[in-house]
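Working notes for the structure below.
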There are 2 protein chains.
Amino acid sequence: MSVQKEITRENNERNILKAAEEIFAQYGFRGATTDLIAKQAGLPKANIHYYYKTKELLYRAVLERVLDEWSEAAKVFEQYEEPKVALTKYIESKMKFSRSRPYASKVWANEVLHGADAVSGFLKTSVKTWLNDRNQLLQKWIYDKKIKPVDPTAFFYMIWAATQHYADFDHQIVILNDGLPYSDEEYQQKIKQLTELILGSVGLD
Amino acid sequence: MSVQKEITRENNERNILKAAEEIFAQYGFRGATTDLIAKQAGLPKANIHYYYKTKELLYRAVLERVLDEWSEAAKVFEQYEEPKVALTKYIESKMKFSRSRPYASKVWANEVLHGADAVSGFLKTSVKTWLNDRNQLLQKWIYDKKIKPVDPTAFFYMIWAATQHYADFDHQIVILNDGLPYSDEEYQQKIKQLTELILGSVGLD
DNA sequence: GTCTATACGTTGATAGAC
DNA sequence: GTCTATCAACGTATAGAC
């Protein structure tokens, strides 16, 4: 294959993945149609099937990309020693991801909601490993009396739920805010608020 | 219409609503088929359409029932004066609902995820009113120095997200727990843990 | 690699006998 | 009120020209 064709393929795949993420997020797996994805990507329907043999394979590619980006965002955790700083950076990172990539979060949420079949492999391996490692770190913090003794898993679930809520439930949030989406400044305030709440929950004030 | 027929109708509607809630939760609006709902309810497909003219109307009936039950569960909030007790009871109530009615929570989550069109009416009225009232109550608690000064809305979103996570993300939770669903005792522990975290977040220890 | 036309399965909804 | 048979619409996937 020529270099030019490689580039064409990569561009098209990225373009299709982006379009598919939006459509899957908005309509769910079954509600999304290849035609809608094609229109969103500005391509005829048949081209989608040329790059991704089936709708299912395209869907899995979208989910894998989401997990990759999440993993990347979660790395801030390792860059700071102090519990307060590490948690603050982690919450900020998750909140910013919810803000910049709501569709990514929603595709994942939708998949888990409906059985998690397409992501069970990722959950058993990468996610499970990450959670185990972080749990150990928290146990250490507890042992060192740096944070209150808490169930680390319950704590992380709370962080995941609370931060992803701003992406997954954004329509509800807008309606409850009288139809007004949060401005960047307001969203920064929400990050600050949530950070204080979560830090407070383990005694870090 | 005779009394007997009234009873038949009510029984069938309840039966169909229950089946529809499960199927919509598992497959989403578009993924759920009237045939699947019919099978789940033990009826031929045509009977579903006899009781609910369209799939859309059935869907809305399911969502309305979910909101009714949520409102009912939220009433514990008014029954206790002390912040610590009221919040503890509210969290417990929400967690028990997540445990006993995961499908109900999931249908709502799925609907909001995909645009909240079918529930925007409820959000603008009942939910908005409830949230406003509770926000005022929290402002009073803050003024009385009973809890730390926090953004009440951000606080409630955290509670909603954290408690509903146990229903909406139950598949993920099971996988991360090595494929083992929580026992009743384990779940009680999670309720206790989450309650402590949330109380801690507003300085109630 | 792109695109039009189409085959084939599925599904929401109804007609009409019981 | 129940159920079987049926239809029209839609959606995935492919064939085949360019």
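Quick note on labels: first sequence line is chain A, next is B, and so on, each numbered from 1.
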I'd like to know if the side chain of [X] reaches the main chain of [Y], judged simply by a donor and an acceptor atom lying under 3.5 Å from each other, with no hydrogens or angles considered.
X: B:N177; Y: B:G179; value: no
X: A:K128; Y: B:L176; value: yes
X: A:Y51; Y: A:L58; value: no
X: A:S98; Y: A:T163; value: yes

Subject >> Residue list, side-chain contact (heavy atoms from CB on, under 4.5 Å) with B:H49, at least two apart or on another chain >> reply: B:T34
Original post:
Is the distance between the ring centroids of B:F156 and B:W130 under 6.0 Å?
Top reply: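 Between B:W130 and B:F156, which both carry aromatic rings, the centre distance is below 6.0 Å.
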Starting at atom [atom1] of [X], determine the distance to atom [atom2] of [N], rounded to an integer number of angstrom.
X: B:I7; N: D:dG1; atom1: CD1; atom2: C1'; result: 15 Å
X: A:I48; N: C:dG1; atom1: CD1; atom2: C1'; result: 14 Å
X: B:E10; N: D:dG1; atom1: CD; atom2: C1'; result: 15 Å
X: A:K39; N: D:dT12; atom1: NZ; atom2: C1'; result: 14 Å
X: A:Y59; N: D:dG11; atom1: OH; atom2: P; result: 18 Å
X: A:N47; N: D:dT14; atom1: CG; atom2: C1'; result: 13 Å
X: A:N15; N: C:dG1; atom1: CG; atom2: P; result: 14 Å

Original post:
Base, sugar-phosphate, or nothing for A:Y51, non-hydrogen atoms under 4.0 angstrom?
Top reply: sugar-phosphate
Subject >> Candidates D:dC3, C:dC3, C:dG1 - which lies nearest the side chain of B:L43 >> reply: D:dC3
Original post:
Nearest to the side chain of B:P44 - D:dT2, C:dG1, D:dC3?
Top reply: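 The closest nucleotide is D:dC3.
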Original post:
Does A:N12 place a side-chain N or O at less than 4.0 Å from the phosphate oxygens OP1/OP2 of C:dT2?
Top reply: yes
Subject >> Heavy-atom protein contacts under 4.0 Å, nucleotides 11-18 of chain C, coded B base, S sugar-phosphate only, - none >> reply: SBBBB---
Original post:
Angle class for the B:Y157/A:Y166 ring planes (parallel below 30°, perpendicular above 60°, tilted otherwise)?
Top reply: perpendicular
